[in-house]
Amino acid sequence: MFSNLSKRLGDSLDRVRGRGRLTEQNIKDTLREIRMALLEADVALPVVREFIDSIREKATGEAVLKSLTPGQVLVKIVNDELVRVMGEANESLDLAAQPPAVILMAGLQGSGKTTSVAKLALFLREQQKKKVMVVSCDVYRPAAIEQLQTLAKEVDAEFFPSTAKQKPVSIAKSALKAAKKGYFDILIVDTAGRLHIDTEMMGEIQQLHKVLNPVETLFVVDSMTGQDAANTAKAFDEALPLTGVILTKADGDARGGAALSIRHITGKPIKFLGIGEKVDALEPFHPDRLASRILGMGDVLSLVEEVSRKVDHKKAQKLATKVARGKGFTLADYREQMQQMAKMGGISSLLEKMPGMNKIPDAVKNQVNDREIVRTIAIVNSMTPQEREFPAVIKASRRKRIAAGSGVMVQDVNKLLKQFAQMQRMMKKMKGRGMMNMMRGMKGGGGFPPGGMPPGGMPPGGFPPGGGFPM
Ligand code: GDP
Ligand code: MG
């Protein structure tokens with residue numbers, strides 16, 4: 001996420017982090033680099049200016065120059081400033097209303113509204129035990145209504161049917177009535193977007209807003225659009241009283257400008273991040289956690305939350321114990337670990353949240369892809385229980401059989417076995433050290449997929465030594 005910005009800021013701060021003394025020139029250089037990094041990330045100019053001014057003011061104060069660890073104090077100042085521009089704290093949905101509480105979605109075409117309706121429905125149903133109905137008022141885009149219907153089924157939310165022949169306002173009215181009658185807690189209303197802001201679209205959504213009287217009016221915007229996202233949000237906010245923003249497609253190679261500009265330009269909080277096409281790829285937006293991720297310090301809190309939501313704790317605990325002891329970890333366990341990872345939306349979303357990951361070259365991270373997870377599972381599936389327990393018995397003819405059984409090349413089987421052997425060695429070495437220690441020490445203990453070592457991936461000793469926060 002925002003990997004370019006992350007790398008630039010990380011590199012720049014690394015140069016000062018360890019220093020015992022900082023000169024004014026050091027600080028000046030760092031400020032210049034930060035400024036360049038922000039501009040390149042497409043952060044809006046007024047935000048960049050204020051950001052830099054604020055850091056300069058704090059960084060040239062006594063606290064930094066007199067500190068024994070001025071570099072680290074500077075890192076903290078930058079971190080705090082990032083948190084501040086993104087809005088300090090997480091703002092959750094405010095759903096206090098006579099049910100059904102209505103959530104109205106607004107935004108340009110293709111920004112991710114319909115997908116976000118489904119994601120939100122799932123989030124509210126799973127996390128807050130809400131009874132959710134969804135409805136589409138998009139009578140323009142072909143198949144828009146069917147798209148929502150399919151997604152609603154996937155997330156197990158009630159779908160209120162509508163057709164392209166109806167008027168959006170009359171759909172909204174009937175849906176509201178039905179949601180009341182069916183005692184739904186929440187009604188999420190999907191709307192049509194246009195390619196550009198036009199007065200007709202604004203007029204329509206204003207009308208919808210009037211009849212629905214939503215508690216939340218969320219502006220959905222694509223983070224790839226950079227600081228433009230903030231400007232469109234502002235334009236919408238002038239027509240509609242927005243209560244928050246969902247920033248989508250933060251999983252791609254978005255530059256970060258949107259995340260850093262929206263709050264400042266619109267005054268509206270980003271409430272959620274969309275981080276993938278799947279319906280569970282939605283994260284509450286926590287400025288402090290994102291700042292930490294951007295600065296390469298990881299986001300262990302989100303990781304733990306995600307893991308505890310999706311992982312089978314009993315199994316995980318058992319694996320963690322094996323890993324911690326550095327023995328007894330079999331290929332069946334390895335497969336189990338891969339399956340858990342697949343369940344958590346794949347490796348890239350996990351890696352992203354690890355401290356120090358902005359330092360790992362993309363080439364290495366890309367080796368670690370989710371196709372490999374699937375392949376690993378298939379290969380292990382083709383083994384006998386005995387082979388999984390004692391891989392040493394897997395000689396040439398067995399390798400051939402396994403490859404044929406799982407539809408891969410013998411080389412792939414060889415590679416997997418080699419990796420597994422390496423991993424076992426590493427586990428013995430890591431015993432009682434680093435990342436695992438940290439993970440084990442955390443609340444809810446042992447939740448992390450043990451070892452966390454992706455196939456084909458990490459350089460030996462992959463996690464940053466100590467695995468901790470560099471601050
Ligand atoms: P709408 O026109 O605003 O309703 O947009 P859609 O919900 O139909 O989404 C447009 C495209 O963006 C679809 O292909 C979605 O799968 C994709 N999309 C939506 N949200 C995300 C996200 O957070 N990450 C990624 N990678 N793709 C997304
Ligand atoms: Mg749509």
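All of these numbers come straight from a predicted model, not from anything done at the bench. Along the sequence shown, residues carry numbers from 1. Every number for a ligand or one of its atoms is a count from 1 in the order of the listing.
Side-chain contact annotation: N4 with R255, donor-acceptor N/O pair under 3.5 Å absent. At a cut-off of 3.5 Å, with distance as the only test, no side-chain donor of Q227 or S261 sits close to an acceptor on the other residue. Looking only at atom types and distance, the side chain of Y140 has no donor-acceptor partner in the side chain of Q109 under 3.5 Å away. Remark: the T114 side chain and the D190 side chain contain an N/O donor-acceptor pair separated by less than 3.5 Å.
At a 3.5 angstrom cut-off on N or O pairs, G110 counts as close to ligand 1.
Between the side chain of D185 and the backbone N or O of K131, at least one donor-acceptor pair lies under 3.5 Å. Not a single donor-acceptor pair under 3.5 Å links the side chain of K173 to the backbone N or O of V211. Distance alone, capped at 3.5 Å, is enough to place a donor-acceptor pair between the K113 side chain and the G107 backbone.
Interface of R141 with ligand 1, defined as ligand atoms under 4.0 Å from a residue heavy atom, comprises 2 (O), 8 (O). Close contacts of ligand 1 with L108, meaning ligand atoms under 4.0 Å from a residue heavy atom, involve 3 (O). Short contacts between ligand 1 and I275, defined as distances under 4.0 Å to a heavy atom of the residue, involve ligand atoms 23 (O). The ligand atoms of ligand 1 that sit less than 4.0 angstrom from a heavy atom of K119 are 20 (N), 21 (C), 22 (C), 23 (O). Counting the atoms of ligand 1 from 1 in the order shown, those under 4.0 Å from a heavy atom of G274 are 23 (O).
Nearest heavy atoms, K268 versus I262: O-CG2, 4.0 Å. What you find for E33 and R8 is that their closest heavy atoms are O-NH2, 4.5 Å. Taking each heavy atom of I373 and M338 in turn, the nearest pair found is CG2-O, 3.5 Å.
When only non-hydrogen protein atoms are considered, atom 5 (O) of ligand 1 lies nearest to G112 N, 3.0 Å. The protein atom (non-hydrogen) at minimum distance from atom 16 (O) of ligand 1 is E277 OE1, 3.3 Å. Here the heavy atom of the protein found nearest to atom 26 (N) of ligand 1 is D251 OD2, 2.7 Å. Annotation: atom 8 (O) of ligand 1 to nearest protein heavy atom, Q147 NE2, 3.0 Å. Among all non-hydrogen protein atoms, the one lying nearest atom 11 (C) of ligand 1 is K249 NZ, 4.1 Å. For atom 1 (P) of ligand 1, the closest heavy atom belonging to the protein is K113 N, 3.5 Å. Nearest protein heavy-atom neighbour of atom 22 (C) of ligand 1: G276 O, 3.1 Å.
If you look at D138 next to ligand 1, there are no close heavy atoms at all, none under 4.0 Å.
Remark: among candidates T114, V220, T115, the nearest residue to atom 4 (O) of ligand 1 is T114, based on non-hydrogen atoms.
The aromatic rings of F272 and F123 sit perpendicular to each other, their planes meeting at more than 60°, with 30° as the lower class boundary.
Applying the side-chain contact (heavy atoms from CB on, under 4.5 Å) test to K418 and every residue at least two apart in sequence or in another chain returns nothing.
When T115, V117, L120 are each tested for a side-chain contact (heavy atoms from CB on, under 4.5 Å) with I246, only one passes: L120.
With waters left out, the protein N, O or S atoms under 2.8 Å from the Mg ion (ligand 2) add up to 1.
Using a cut-off of 4.0 Å between Lys/Arg side-chain N and Asp/Glu carboxylate O, R263 and E91 are scored as salt-bridged.
In this structure, A281 has no heavy atom closer than 4.0 Å to ligand 1.
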